[in-house]
Amino acid sequence: MELMGSKYKGDAKNGRMHGKGEYTFPTETKYVGEMKDGMFHGKGVLHFPNGSKYEATWENGRAQQGSFTFADGLQYQEKDWDYCNGYDRRFYTERCNGLRPAGESQLTDLHPPRVIPDGCYDCGDGFYDPNTRVVTSYTGRFLRNADDSEHEWIVRTCRKAWDEVVAVDPAKSIATRSEETSN
């Protein structure tokens with residue numbers, strides 16, 4: 001476990017995880033719950049670094065029945081899911097707290113949104129640098145190298161740090177207007 005960067009605190013039997021314990025993956029995802037013969041077994045919760053969680057009943061390392069809750073408290077429903085559908089595109093926090101005032105866009109469910117490092121993308125679980133093709137957590141820890149398909153998806157769909165100048169130079173716009181009116 002230590003070689004791979006994972007950790008375990010809890011009961012053991014014959015040198016294996018057994019009983020109640022806490023297993024932390026190298027990605028900082030943490031399982032807290034019951035174990036049997038080195039596997040998740042019984043009731044347990046996976047806590048993800050972004051604050052979301054998956055509560056399940058496990059059997060020999062596989063989830064048999066469970067529920068997923070997003071970091072903002074939204075609980076996933078397999079049936080009658082009405083969040084983020086074609087009729088209602090609001091973020092969950094907008095549904096709970098109302099829309100922002102006119103002129104104040106809400107770009108992500110988190111408001112204000114995270115500041116993205118220059119030239120990088122916010123890919124949902126961290127920041128992606130397209131030059132190195134590395135995804136790091138929001139705290140700067142290495143998460144993974146992106147393969148070609150993930151790279152293409154991130155570049156096509158994810159929010160990018162602003163890298164274009166969009167300010168208007170008032171002096172130029174006044175000069176341009178007076179030139180137009182004199183012509």
Side-chain angles (χ1 to χ4, degrees), residues 1-81 83-84 91-93 95-96 108-117 119-155 157-161:
M1 277 192 255
E2 291 165 9
L3 177 65
M4 299 304 292
S6 56
K7 297 176 236 160
Y8 176 69
K9 288 190 311 198
D11 302 335
K13 182 178 176 183
N14 299 325
R16 300 181 71 117
M17 301 180 297
H18 197 92
K20 293 190 183 221
E22 183 177 293
Y23 180 84
T24 306
F25 292 87
T27 60
E28 294 185 14
T29 295
K30 190 179 291 187
Y31 172 83
V32 179
E34 300 169 349
M35 316 273 190
K36 180 181 171 189
D37 197 27
M39 293 181 276
F40 304 163
H41 192 88
K43 295 201 180 296
V45 182
L46 278 173
H47 298 273
F48 298 96
N50 68 359
S52 58
K53 66 182 179 178
Y54 182 68
E55 297 178 70
T57 301
W58 303 80
E59 191 174 304
N60 298 320
R62 292 181 181 227
Q64 299 302 306
Q65 179 181 345
S67 65
F68 184 83
T69 306
F70 294 90
D72 59 11
L74 174 66
Q75 192 156 23
Y76 176 73
Q77 295 172 250
E78 220 169 299
K79 293 183 178 159
D80 301 322
W81 178 256
Y83 171 70
C84 203
F91 291 110
Y92 182 63
T93 53
R95 290 177 73 174
C96 295
T108 68
D109 196 44
L110 182 65
H111 187 78
R114 289 181 178 86
V115 176
I116 304 170
C120 294
Y121 295 81
D122 183 344
C123 59
D125 61 345
F127 298 121
Y128 175 66
D129 184 336
N131 297 317
T132 61
R133 290 188 165 214
V134 170
V135 177
T136 56
S137 71
Y138 294 121
T139 58
R141 275 195 55 210
F142 173 84
L143 292 180
R144 65 186 173 280
N145 292 310
D147 62 16
D148 289 342
S149 65
E150 184 178 24
H151 167 83
E152 290 169 18
W153 180 85
I154 291 171
V155 170
T157 61
C158 294
R159 201 167 62 88
K160 184 180 185 207

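At distances below 3.5 Å, at least one donor-acceptor pair connects side-chain atoms of His18 with backbone N or O atoms of Asp37. For Arg141 (side chain) and Pro26 (main-chain N/O), a donor-acceptor pair under 3.5 Å exists by modelled atom type. Judged by distance alone, with hydrogens and angles left aside, the side-chain atoms of Asp129 form no donor-acceptor pair with the main-chain N or O of Cys120 at under 3.5 Å. Between the side chain of His41 and the backbone N or O of Asn60 there is at least one donor-acceptor pair closer than 3.5 Å. A donor-acceptor contact shorter than 3.5 Å links the side chain of Glu34 to the backbone of Lys43.
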| message | Applying ring-ring contact (aromatic ring centres under 6.0 Å, His included) to Phe127 and Tyr138, what does each step give before you reach the verdict? | response | CA-CA 6 Å; Phe127 298 121; Tyr138 294 121; 5.0 Å; yes
| said: Test side chain to side chain contact (heavy atoms under 4.5 Å, CB included) on Arg133 and Tyr128; report intermediate values, then the result. | reply: CA-CA 7 Å; Arg133 290 188 165 214; Tyr128 175 66; 3.2 Å; yes
| Is there a side chain to side chain contact (heavy atoms under 4.5 Å, CB included) between Phe25 and Leu46 once you walk through the steps? | CA-CA 10 Å; Phe25 292 87; Leu46 278 173; 4.0 Å; yes
Which pairs would a plain distance check flag for residues 61-74, meaning a side-chain donor or acceptor within less than 3.5 Å of a matching protein atom at least two apart in sequence or in another chain?
residue	atom	partner	partner atom	Å
Gln64	NE2	Arg62	O	3.3
Ser67	OG	Gln75	NE2	3.4
Asp72	OD1	Leu74	N	3.0

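Counting only heavy atoms from C-beta outward, the side chains of Thr29 and Pro49 approach each other to under 4.5 Å. Residues Glu28 and Ser137 are not in side-chain contact: their nearest non-hydrogen atoms beyond the backbone lie 4.5 Å or more apart.
In terms of heavy atoms, Gly119 sits closest to Ala161 at N-CB, 3.9 Å. Across all non-hydrogen atoms, the minimal contact from Met35 to Tyr8 is CE-CE1, 3.6 Å. When all heavy atoms of Arg144 and Asp125 are compared, the closest pair comes out as NH1-OD2, 2.8 Å. The minimum heavy-atom distance linking Thr27 with Leu143 is given by the pair O-CD2, 4.5 Å.
Heavy atoms of other residues, nucleotides or ligands lying less than 6.0 angstrom from CG of Asp147 number more than 12.
Here the straight-line distance linking atom CZ of Arg16 with atom NZ of Lys13 works out to 11.5 Å at 0.5 Å rounding. In this structure, NE2 on His47 lies 8.0 Å from NZ on Lys30, to the nearest 0.5 angstrom.
Classification of the Trp58-Tyr31 ring pair by plane angle, with boundaries at 30° and 60°, yields perpendicular.
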